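Values in this document were obtained by computation on a predicted structure and should not be read as measured data. Counting starts at 1 for both ligands and their atoms, in listed order.
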Amino acid sequence: MSTVLQVDRMADFEIVIIGAGVVGLAVAARLSEKHPGLLVLEKNEKYGMETSSRNSEVIHAGIYYTPGSLKATLCVEGREELYALCRKHTIGHKPLTKLVTATNDREMKILEATLENGKKNGVPLEMLTKEQTLRLEPNINTVGAIFSPTTGIVSAHELMDCYHHIAVSNGATVQAHCEVVGIEKGPAGYTLTVSEGGQRSTFTAEKVINSAGLYADKVASFTGIDIDKAGYRMVFAKGSYFSVASSKAKLVSRLVYPVPNKETLGVHVVLDIGGRLRMGPDTDYLDVLNTDYSVAESKRRVFAESVRRILPAIADEDLTPDMSGIRPKLQRKGEPEKDWVIVHEKERGLEGFINLIGMESPALTASAAIARYVEKILP
Ligand SMILES: Cc1cc2nc3c(=O)[nH]c(=O)nc-3n(C[C@H](O)[C@H](O)[C@H](O)COP(=O)(O)OP(=O)(O)OC[C@H]3O[C@@H](n4cnc5c(N)ncnc54)[C@H](O)[C@@H]3O)c2cc1C
């Protein structure tokens, strides 16, 4: 490897982080304050080329997640930390606010339960009547809505640039084109085998943080963990987006979501930092992980129909296939929400090894709080 090895400890490195998505980079930014020599390994040519750059870029308030779960706690904490970070480092963001709209009486009941859940998570929320909602967003279909004043959007790229800059300024190294293909526990910590352009090499690390996103279960299995027994085997759900013709981009001025169902937040109206309007993401469970990010034109009709339920002025021809992302999930189709796994694996005899598995939404929002949590459990 091109990186300078540290010679004053038994292992070559004190800390190695596997994966430079928003989570790995946030952890690197945080830990590099006290551990400047840490190393981040990334298999792609640059950081942030997978799920972290293929999402809605929403700063979630924390409404939906099970009270007391890591998702709920770290989302609520992380959201405020993220706004503060954005202000401090002038990262592109907009505190747009959000409506979750019900379109009939049955959905109003779901809305009330959603409001209660959000309140248990400590999220500031307000229930609006139909008239109050239409005053905010005259073009949507509604019989009443939840108003979330703390929801916003952020530029995921600028956020990752910021974490990367902090980590590197503190002395960390982010090594691209470097895929971890094996991990073995030994007396000096962990021996990592990496592949760089087809060339294999090994080095040692005292502590390893597995933040490999879509491949986190595979990386965990390198250590000998039986990922089926541990409940770490992930499933993958692709989420596609359609962009909306610019002539219709001003139909809404904030994020608008339908009522959630058991598995997803539903296809929603997303605005990006540039003011572009997109609809998405849907939820397509994949039989096996494949990173074909193309969006099928054939989905247009179904997309338009579900979008028209909340924004009736959208015609089929207003929609153009846009981007997609893949959710790394621990819950199978139809199962209730499962929490993230963020755990120090000492109970499995893997002292100094931290797994982050199933890091689906809202891990972008929560990234700074996740990093703080990892620092807390790091031995
Ligand atoms: C459709 C969609 C919409 C979403 N919307 C939102 C949202 O609005 N708000 C929100 O908060 N969250 C959202 N999310 C979730 C959010 O995008 C993810 O939770 C977050 O990006 C996960 O970051 P990560 O760093 O864990 O994973 P990743 O970004 O996948 O990064 C993992 C990295 O590890 C690298 N890697 C993997 N294996 C290896 C290896 N063996 N060796 C070296 N490197 C390796 C990968 O190349 C990758 O760069 C959304 C997700 C999706 C799919």
Looking at [X] and [Y], does any basic side-chain N land under 4.0 Å from a carboxylate oxygen?
{"X": "Lys43", "Y": "Glu50", "answer": "yes"}
{"X": "Glu351", "Y": "Lys185", "answer": "no"}
{"X": "Asp217", "Y": "Arg233", "answer": "no"}

Just to confirm my output: which protein heavy-atom neighbour is closest to [atom], and how far is it?
{"atom": "atom 7 (C) of ligand 1", "answer": "His60 NE2, 3.5 Å"}
{"atom": "atom 37 (C) of ligand 1", "answer": "Ala212 O, 3.3 Å"}
{"atom": "atom 12 (N) of ligand 1", "answer": "Ser361 OG, 3.3 Å"}
{"atom": "atom 22 (C) of ligand 1", "answer": "Met359 O, 3.5 Å"}
{"atom": "atom 34 (O) of ligand 1", "answer": "Gly19 CA, 3.1 Å"}
{"atom": "atom 48 (C) of ligand 1", "answer": "Glu42 OE1, 3.4 Å"}
{"atom": "atom 23 (O) of ligand 1", "answer": "Ser52 OG, 3.2 Å"}
{"atom": "atom 25 (O) of ligand 1", "answer": "Val23 N, 3.0 Å"}

Taking the side chain from Asp226 and the backbone from Asp228, do they hold a donor-acceptor pair closer than 3.5 Å? yes
Side-chain donor/acceptor of Asn210 to backbone N/O of Ala216, under 3.5 Å: yes
Determine whether the side chains of Tyr65 and Asn117 contain a donor N or O and an acceptor N or O closer than 3.5 Å. no
Side-chain donor-acceptor pair present, Glu57, Ser155, cut-off under 3.5 Å: no
Quick check on the hydrophobic clustering: are Ile166 and Val154 connected, directly or via other members, by side-chain heavy-atom contacts under 4.5 Å? no
Which option out of Leu25, Val58, Thr283, Val27 puts a heavy atom nearest to atom 9 (N) of ligand 1? Val58
Can you tell me which portion of [X] lies within the under-4.0 Å heavy-atom range of ligand 1? Options are side chain, backbone, both, or neither.
{"X": "Ile326", "answer": "backbone"}
{"X": "Tyr241", "answer": "side chain"}
{"X": "Asn55", "answer": "both"}
{"X": "Arg54", "answer": "backbone"}

Distance under 4.0 Å to a non-hydrogen atom of [X]: what atoms of ligand 1 satisfy this?
{"X": "Leu41", "answer": "43 (C), 44 (N)"}
{"X": "Pro362", "answer": "10 (C), 11 (O), 12 (N)"}
{"X": "Leu364", "answer": "10 (C), 11 (O), 12 (N)"}

Whether Cys178 lies under 4.0 Å from ligand 1, heavy atom: yes
Close approach, Met49 and ligand 1, non-hydrogen under 4.0 angstrom: no
Taking the six-membered ring of Tyr257 as reference, does the cationic atom of Lys98 (NZ for Lys, CZ for Arg) lie under 6.0 Å from its centre and within 45° of its axis? yes
Does CG belonging to Asp105 count more than 12 external heavy atoms closer than 6.0 Å? no
Can you confirm whether Glu80 is buried at CD, in the sense that more than 12 heavy atoms of other residues, nucleotides or ligands lie under 6.0 Å from that atom? yes
Short N or O distance, Val22 and ligand 1, threshold 3.5 Å exclusive: yes
I need the single residue from Asn104, Ile140, Thr103 that forms a side chain to side chain contact (heavy atoms under 4.5 Å, CB included) with Arg309. Which is it? Thr103
